[in-house]
Structure formats: C-alpha cells, structure tokens
There are 2 protein chains.
Amino acid sequence: MHVRTLCLGALALGDASGYEIKKLFEDGVFSHFSEASFGSIYPALTKLTDDGLLTCQAHSQEGRPDKKVYSLTDLGRAAFQEALSQPIQADKYRSDFLFCLIFANQMPTLRVSEILDNKLKELKEEHNRIEAEGIVPNTPSSDLVKEFGAHVTLSMIEFLEENRLRIEALGCETGACLSTPCEAVG
Amino acid sequence: MHVRTLCLGALALGDASGYEIKKLFEDGVFSHFSEASFGSIYPALTKLTDDGLLTCQAHSQEGRPDKKVYSLTDLGRAAFQEALSQPIQADKYRSDFLFCLIFANQMPTLRVSEILDNKLKELKEEHNRIEAEGIVPNTPSSDLVKEFGAHVTLSMIEFLEENRLRIEALGCETGACLSTPCEAVG
DNA sequence: AACTTCATGTAACGAGTTACATGATTAT
DNA sequence: ATAATCATGTAACTCGTTACATGAAGTT
C-alpha cells in the first residue's frame, strides 16, 4: 500500500496536518502494522492536493511554519473507497529475530539469551502500548484491531516464555563458535 | 537485514546456487519471515564472491546455464558470525488487512466478509505450509521456529474466527457507503 | 545548557523489485 | 499445446528513507 493511500486513510479518520499524520504512524493506531516517514508523507500530501483529492488550509502560527491542515475532498473520499475495494496485499512479516534464531546453534548461549530477552522486552512494550491506546473516534473497529494486536503479541510472549529453556539450550558453549560453526567443530 | 547477510545465512545451512537460495525464501524455512528476489540475490552473490566471502564452483549442465554452487569461505563464515552478534532490528509487521479493517464501517458488509475470508484462507494456507515443512538438516532450531510460526498463525486464525460476527457487523449496508463514509451520512 | 516537541520541506541516496533477455526440459 | 521448473543475469525503475535546512517554545 502506497504512502498516498495511507495518507488518505489517515485523513478519513479526520482532518490533520502532515505532522499529525506522522504521529498516527509513529504512536497511533497505524503504528503496529504500517509505517511512513516525513520524507514520504509531505510529498504525498502535496501530490494529493495537486490532484484534487485533498484541500489544504493553512493556519498561521507565531514562531512556527504555518500548520497546514488537510481535508479529504469528495474525489479523495471516492479514491479511498476505490482503494478499499481493491484486492488486498498479503501481510508481510519480516523478522531478523527469527532469522537469527535459526542459527542459534552457532551462537554462544549468552547471546541467545540476550536476543531472547530483547525480543521479549520489545514484545511486552508493544503489548502495553496497544493496551494503553484509546479507541479512535468514529472508528468502531479500532477496538477490534486493538484486541487483535494484543492477542497476537501475547501469544508470542507466551510461546517464547514457555520455551525459554529449550531456546537457550540451542546455543553452544561460549568461545567454541565465535568464528566456526558448531556443526563444523570436532 | 541486507540481502547479502541473508545469502550468507542461507549458505550457512549448506552450499547452494542462487536459484536454490531463492527457493529457501520462496518456499523454505526463511519464507515466513524474510524475502529476497533474483534481482537482489544474484548481484549479492557476485559481490560476496568478489569480496572473498564466498567461493563459486560452476557445474556445467546440458541445455542450461552452468549451475553455480556457492560455498562460504572462512572469511564469509566470520562475517556472518559478526552479523549475528550485531544488534537485531525490530521485527516489521505490515498488514494492509488490518489497515483496511480500521475502515470496515465504510465498507459494505459483503466486502468485510470477503476480506475476512481471504485473510483466513491465507492464514490457514500458511499454517498448513508451516506444519508440512521438514526440519532443516544441521539446524536444531528450525523445529522451534516452525512451532513459533504455527503457534502464531493459529492464534490469529482463532481470534478472527471467534470474532467473525463482530467483525462482519462493522460493515455498513450495501450501497450506503460506496462513495461517502457512513459517519458522514444522515 | 541540552533535549524534546512542534512544524514543513527537499535532495541525495539506498536497496530492492519488476521486467526483460534466453532457452532447454518436464509435466499437465 | 501450455505451463511450470530449472538456471543465470542485467537494467530501468519505484519507492521510500536518511539527512539536512530552519527555527521557536517548552521542558529537564
């Protein structure tokens, strides 16, 4: 999904500035399953406005650049509906953690524990963040999406905690595998 | 994680050609949490060989291009160990499904059912693929990574099935929301 | 003092995907 | 016949990130 569509979606939740949209992707509803940076949001907003999908109102402020608040036009709303009716791309899950875990037998046990702990910490933080989030106004499904996220992160945490010993047992003795794989030793 | 590192990892499981490495990312162990295309694998392999991290043996075949089988050198093995000891990037989960679900109230109920069914089908197929996979030789942790994947996909399937009615109830009446958001109606 | 938040915008750069080029073999 | 599998490689292109430019106000 292009940043342009993501912006359209953000604005379908209510008028907002580029800065505020960024926050939605950083801390808000969207942060758990999508991403966008300033460098892509601002040009997208400009393009969308040029194409007539958005209107822009500049609110002048003291000591700061004008706050440019964008709103969907009817054309923009229609374009977003159109995007919503399009086939949906399969989800993408990229995990360097799992990739590395495949090679646990080539790592010192201490390192395995370390990455496990880091992962658990990350997962718990995300779980807490999801639970702490308020539901989004005018968006009854934000509640459901929240529950989904909480359910899945919890399920990961449970698995990793239940299998902690098994995972740590995969590592090899310290020093023995720093430059040669265990399978090639002896 | 760069394609170069991913290739190093693939070769740490055993010698392979570019084509075979691609398969690991398409159907194999890595397919559930990483990705790489021919257009990135082949150049990476060439670069890695130039840098002395890999050696390459060409096996001539009839009616086909030489099969170039790559192996890790000691330098390559060390480079991979080094990569493994580096801080691990946080996982990325990108879901157009969840993004769209946030706007379920702006979709006809039929459309909501459709995307739910598609998602469930996708999830079940992935779950079956994980269960059907054999463990990777010399890689005791592949079993664990398999279990993790099976556990998580199952947990998603369960949530979506248990909440099917609630999710479908989010949609709006057919026709009423094709070009205007429900919240703006009435 | 130093850092974070608010606020917008651009340009260079990175990294990978898509599509093309080529072509025999095997399965449906 | 038609499609999939095997097999490698390149070039154009897409898309987005990172870093920079600018700067006031508030917080630690």
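Just so we're clear, the structure is a prediction, and the values are computed from it rather than from any experiment. Chain identifiers are assigned alphabetically (A, B, ...) following the order of the sequence lines, protein sequences preceding nucleic acid strands; residue numbering begins at 1 within each chain.
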>> Here's a test of your reading of the structure: between Glu35(B) and Lys68(A), which maps to the more 5' nucleotide of DNA chain C?
In response: Lys68(A)

>> In whole Å, I'd like the distance from the NE2 atom of His59(B) to the P atom of dT8(D).
In response: 11 Å

> Among dA7(C), dC6(D), dT8(D), which is the nearest nucleotide to the side chain of Lys67(B)?
Replying inline: dT8(D)

> In whole angstrom, what separates Ile21(A)'s CD1 from dG9(C)'s C1'?
Replying inline: 15 Å

> What closest approach, in Å, do Ala83(B) and Thr5(B) show between heavy atoms, and which atom pair accounts for it?
Replying inline: CB-CG2, 3.7 Å

> Do the side-chain N or O atoms of Gln61(A) get closer than 4.0 angstrom to the phosphate oxygens (OP1, OP2) of dA7(C)?
Replying inline: yes

>> Expressed as a whole number of angstroms, how long is the span from Tyr42(B):OH to dA19(C):P?
In response: 18 Å

> Closest to the Arg64(A) side chain: dA7(D), dC6(C), dT10(C)?
Replying inline: dC6(C)

>> By nearest atom, which of the nucleotides dA7(C), dG9(D), dT17(C) is closest to the Ser37(B) side chain?
In response: dT17(C)

> Rounded to the nearest Å, what distance is computed from the CD1 atom of residue Ile41(B) to the C1' atom of nucleotide dT17(C)?
Replying inline: 12 Å

>> Can you give me the closest heavy-atom contact between Ala10(A) and Phe30(A), atom names plus distance?
In response: CA-CE1, 3.8 Å

>> Measure CZ/Phe25(A) against C1'/dG16(D) and give the value in whole Å, please.
In response: 13 Å

> Once you round it to whole Å, what is the distance between P of dT22(C) and CZ of Phe38(B)?
Replying inline: 18 Å

>> Tell me the interatomic distance from Asp66(A), atom CG, to dT22(D), atom P, rounded to whole angstroms.
In response: 19 Å

> With the 4.5 Å side-chain cut-off for hydrophobic clustering, are Met1(B) and Leu53(B) part of the same group?
Replying inline: yes

>> If you only use heavy atoms from C-beta on, which nucleotide in dA7(C), dT10(D), dT18(C) is closest to the side chain of Tyr19(A)?
In response: dA7(C)

> Do Phe159(A) and Leu154(B) share a hydrophobic cluster (ILVMFWY, side-chain heavy atoms under 4.5 Å, transitive)?
Replying inline: no

>> Using every non-hydrogen atom in the two residues, find where Cys172(A) and Asn105(A) come nearest and quote the distance to one decimal.
In response: SG-O, 3.6 Å

> Between dT8(C) atom P and Leu54(A) atom CG, what is the distance in whole Å?
Replying inline: 14 Å

>> If you assign each of Val69(A) and Ser40(B) to its closest nucleotide in DNA chain C, which residue comes earlier from the 5' end?
In response: Val69(A)

> What nucleic acid atoms does Ser17(A) come within less than 4.0 Å of, heavy atoms only: base, sugar-phosphate, or nothing?
Replying inline: sugar-phosphate

